[in-house]
Amino acid sequence: MNQTLQSVRGMNDLLPDEAEFWELFEDTVRSWLKAYGYRPIRMPIVEPTPLFKRAIGEVTDIVEKEMYSFTDSLNGEQLTLRPEGTAGCVRALIQHNLAAQQVRRLYYMGQMFRHERPQKGRYRQFHQVGVETFGLVGPDIDAELILMGARLWDDLGLDGIELQINSLGQPEERAQHRAALVAYFEQYSDLLDEDARRRLYTNPLRILDSKNPQLQEMCAGAPKLIDYLGVESLAHFEGVQRILCDAGLPYTVNPRLVRGLDYYNLTVFEWVTDRLGAQGTVCAGGRYDGLVEQLGGKPTPACGFAMGIERLVALIRDSGGTPAPVAPDVYLVHQGTEAARFAFRVAEGLRDQGVNVLLHCGGGSFKSQMKKADASGATFAVVIGDDEAATAEAQLKPLREGQGAQRKLKVSELAAAIAGQLIDSEIIDEQE
RNA sequence: GCGGCAUUAGCUCAGUCGGUAGAGCACUGGAUUGUGAUUCCAGGUGUCACCGGUUCGAUCCCGGUAUGUCGCCCCA
């Protein structure tokens with residue numbers, strides 16, 4: 001195997017079986033979004049590096065060590081392959097003044113790039129569906145975004161995905177809590193392990209997640225974020241929960257749920273499964289009211305989430321979802337010079353009438369062509385030799401059970417006969 | 001970025017106590033020269049991931065690299 005001709009580590013090819021699966025997933029996602037009135041937007045994969053530094057935060061792991069950043073050698077611009085979609089979406093919103101046009105609900109799907117060590121469910125090029133809303137203060141829209149998730153899991157036939165929610169409050173509330181938390185941990189600095197010491201000033205909230213049992217005991221008494229939330233923040237959080245309760249959607253309030261990106265405030269949520277090992281989060285999001293202004297736009301409240309497509313597709317696969325491969329209606333078998341010329345006309349004529357035709361190419365005996373017809377999964381073989389070509393006829397041979405014997409038909413009758421039998425067999429399928 | 005495990009035919013895998021390898025599936029051809037799926041016959045495939053070391057000799061032992069996988073970090 002030639003080492004130089006491999007895909008980049010963590011960036012994978014999707015072969016036809018897998019790609020068909022993805023198309024099915026994408027179809028489901030699009031009709032789900034349409035049901036909620038969301039409209040598509042497509043942003044570039046490459047954006048100016050400062051966009052992500054300003055949006056995500058200079059001191060986050062993503063910006064510090066995971067971004068594919070480079071200098072355009074032709075003009076010296078600092079560019080980055082997008083590590084997430086929200087920043088670019090907000091940039092587009094501001095640049096085209098979409099908020100003024102009452103565009104409030106948007107979605108996109110596409111690849112993102114983070115230079116992490118690849119693992120199952122975590123790749124350097126990965127794909128997200130992003131859903132963003134602008135100009136809506138919530139909590140109704142927060143709850144809508146959460147409820148949408150539940151419907152999608154249902155549409156995809158998935159269960160066992162659990163909802164966790166939390167409120168991060170406003171930045172000043174969070175800052176007060178963080179200061180109190182650091183002060184608390186400093187009191188017990190002799191108890192902190194190496195890991196916790198490192199996080200004390202970078203990410204003190206993560207200390208609460210420590211698996212060290214001694215630390216867990218001490219953490220139980222640590223200041224809680226919810227005690228630092230003001231009246232308005234609490235009311236917002238309660239408003240979200242009320243709608244979730246009204247909808248009968250079960251959830252867990254996880255006070256330790258935080259986000260890896262700096263721009264979130266108030267509502268945050270995650271949909272989590274225990275079936276994907278270490279990468280259990282399939283969908284996560286929350287409110288980011290300050291981001292639009294932070295990036296130079298007019299103050300605009302916003303809320304959204306992102307789903308990991310690789311993770312969701314893996315879940316669907318694991319739960320046994322394997323779609324039937326896409327098969328043509330007809331495999332067109334032909335032999336002879338005149339038959340070959342005629343076959344092209346027949347194939348195009350059938351396609352004109354809505355029949356999916358795989359035209360045999362490359363010659364070979366009838367026998368070998370029939371083998372390929374069978375392997376293609378086609379419902380029918382249409383067989384044309386020079387005899388048929390001479391009389392503008394074709395043999396219509398059913399390849400599957402219960403569809404009768406081979407018939408010789410005028411080419412002009414072919415499409416109708418195929419359509420008729422396809423409908424008949426669908427009725428039979430439904431009765432079964 | 002850190003640690004554990006793995007890497008043999010297109011796919012799934014077996015195997016050699018160190019003497020350069022096999023099965024199933026798939027593929028190709030044939031069973032009276034124009035017809036698939038079942039059956040029968042025949043056929044081919046691999047630098048045993050890559051680079052180096054030990055050895056008379058390595059796919060098997062050792063080291064490094066690459067890729068995957070599990071966990072950590074972090075995250076969708």
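What you are looking at is a predicted structure, and each value in this text was computed from that prediction instead of being measured. Note on naming: letters A, B, ... go to the chains in the order of the sequence lines (proteins, then strands), and numbering restarts at 1 for each one.
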Among A:Gln395, A:Lys408, A:His334, which residue meets the side-chain hydrogen bond (donor to acceptor under 3.5 Å, both in side chains) test with A:Glu388?
A:Gln395
Measuring from the side chain of A:Gln335 (C-beta onward, heavy atoms only), which nucleotide among B:rG36, B:rG34, B:rA76 has the closest atom?
B:rG34
Does any nucleotide pair with B:rU28 by Watson-Crick or G-U wobble geometry, both distances under 3.5 Å, and what is it?
B:rA42
Nearest whole angstrom, please: distance from the P of B:rC74 to the CD of A:Gln119.
13 Å
Can you tell me how far C1' in B:rU47 sits from the matching atom in B:rU33, rounded to whole Å?
42 Å
Taking any strand in view, what nucleotide pairs with B:rU7 in a Watson-Crick or G-U wobble way, both distances under 3.5 Å?
B:rA66
Searching all strands shown, indicate the nucleotide that pairs with B:rU55 (Watson-Crick or G-U wobble; both distances under 3.5 Å).
none
Within the structure shown, what part of the strands sits under 4.0 Å from A:Phe380 by heavy-atom distance: base, sugar-phosphate, or nothing?
nothing
Counting side-chain heavy atoms from C-beta on, which of B:rG34, B:rC74, B:rG1 comes nearest to A:Glu66?
B:rC74
Any strand, both distances under 3.5 Å, Watson-Crick or G-U wobble: B:rU47 pairs with none
Please state the C1' separation for the pair B:rA76 and B:rU38 - nearest whole angstrom.
48 Å
Starting at atom CD1 of A:Ile62, determine the distance to atom P of B:rC73, rounded to an integer number of angstrom.
16 Å
Using the side-chain heavy atoms of A:Met370, tell me which of these nucleotides is nearest: B:rG29, B:rU35, B:rA76.
B:rU35
A:Lys371 side chain N/O closer than 4.0 Å to the phosphate oxygens (OP1, OP2) of B:rG30?
no
Complement of B:rG18, any strand, by Watson-Crick or G-U distances under 3.5 angstrom:
none
Provide the distance between the two P atoms, one in B:rG24 and one in B:rU39, to the nearest whole Å.
13 Å
Is A:Gln369 touching bases, backbone alone, or none of the nucleic acid, heavy atoms closer than 4.0 Å?
nothing
Mind checking the P distance from B:rG22 to B:rC48? Whole angstroms is fine.
14 Å
Paired nucleotide for B:rG36 [Watson-Crick or G-U wobble; both distances under 3.5 Å]:
none
Side-chain heavy atoms of A:Arg105 within contact of A:Glu144, under 4.5 Å:
yes
Got A:Arg275 and A:Asp318 here, is their nearest side-chain heavy-atom distance under 4.5 Å?
no
When you measure from the side chain of A:Lys120, which nucleotide among B:rC70, B:rG36, B:rG68 comes out closest?
B:rC70
Kindly indicate whether the side chain of A:Glu388 and the base of B:rG34 share any N or O donor-acceptor pair separated by less than 3.5 Å?
yes
B:rG36 and B:rA23, which share atom name C1', separated by this distance in whole Å:
27 Å
A:Lys397 NZ to B:rG34 C1': how many Å, rounded?
11 Å
So do the side chains of A:Arg9 and A:Arg117 get within less than 4.5 Å of each other, counting heavy atoms only?
yes
May I ask you to say what A:Val383 touches in the nucleic acid, namely base, sugar-phosphate or nothing, with a heavy-atom cut-off under 4.0 Å?
base
Identify, between A:Asp387 and A:Ile309, the residue whose nearest nucleotide on RNA chain B lies closer to the 5' end.
A:Asp387
State, with a plain yes or no, whether a side-chain heavy atom of A:Phe269 is found less than 4.5 Å away from one of A:Val240.
no
Between B:rG71, B:rC75, B:rU35, which nucleotide has the shortest distance from any of its atoms to the side chain of A:Arg311?
B:rC75
Look at the side chain of A:Arg117 and the base of B:rG3, then say whether one donor and one acceptor between them are separated by less than 3.5 Å.
yes
Below 30° counts as parallel, above 60° as perpendicular, anything between as tilted: where do the rings of A:His360 and A:Tyr331 land?
tilted
Could you tell me whether A:Ala373 contacts a base, only the sugar-phosphate backbone, or nothing, with contacts defined as non-hydrogen atoms closer than 4.0 Å?
nothing
Is A:Lys372 touching bases, backbone alone, or none of the nucleic acid, heavy atoms closer than 4.0 Å?
sugar-phosphate
In whole Å, what is the span from the CD atom of A:Glu64 to the P atom of B:rC73?
17 Å
Taking pairing as Watson-Crick or G-U wobble with both contacts under 3.5 Å, can you name the mate of B:rA23, or confirm there isn't one?
B:rU12
What integer number of Å spans the C1' atoms of B:rC41 and B:rA49?
36 Å
With a 3.5 Å limit on both atom pairs, tell me what B:rC72 is paired to, counting Watson-Crick and G-U wobble, or say none.
B:rG1
Expressed in whole Å, how much space separates the C1' atoms belonging to B:rC2 and B:rA21?
37 Å
Measure from the side chain of A:Glu116, starting at C-beta and using heavy atoms only, and say which of B:rU35, B:rA76, B:rG1 lies closest.
B:rA76
Answer yes or no: is there a donor N or O on one side and an acceptor on the other, between the side chain of A:Trp32 and the main chain of A:Met148, under 3.5 Å?
yes
C1' atoms of B:rG46 and B:rG10, separation to the nearest Å
11 Å
Donor-acceptor pair, side chain of A:Tyr188 and main chain of A:Glu186, under 3.5 angstrom
no
Interatomic distance, A:Arg9 CZ vs B:rU69 P [rounded to whole Å]:
9 Å
Under 4.0 Å, heavy atoms only, any strand: does A:Gly121 hit a base, just the sugar-phosphate, or nothing?
base
Side-chain heavy-atom pair A:Phe25, A:Leu312 within 4.5 angstrom cut-off
yes
Specify the separation, in whole Å, of atom NE2 of A:His360 and atom C1' of B:rG36.
13 Å
Using a heavy-atom cut-off of 4.0 Å across all strands, would you classify A:Gly10 as base, sugar-phosphate, or nothing?
sugar-phosphate
In whole angstroms, the gap separating P of B:rA37 from CG of A:Asp374 amounts to 7 Å
N/O (side chain, A:Lys367) to phosphate O (OP1/OP2, B:rG36) under 4.0 Å
yes
Length of the line joining A:Glu310:CD and B:rC75:P, which is rounded to integer Å:
18 Å
Side chain A:Gln406 and base B:rU35 donor-acceptor under 3.5 Å:
yes
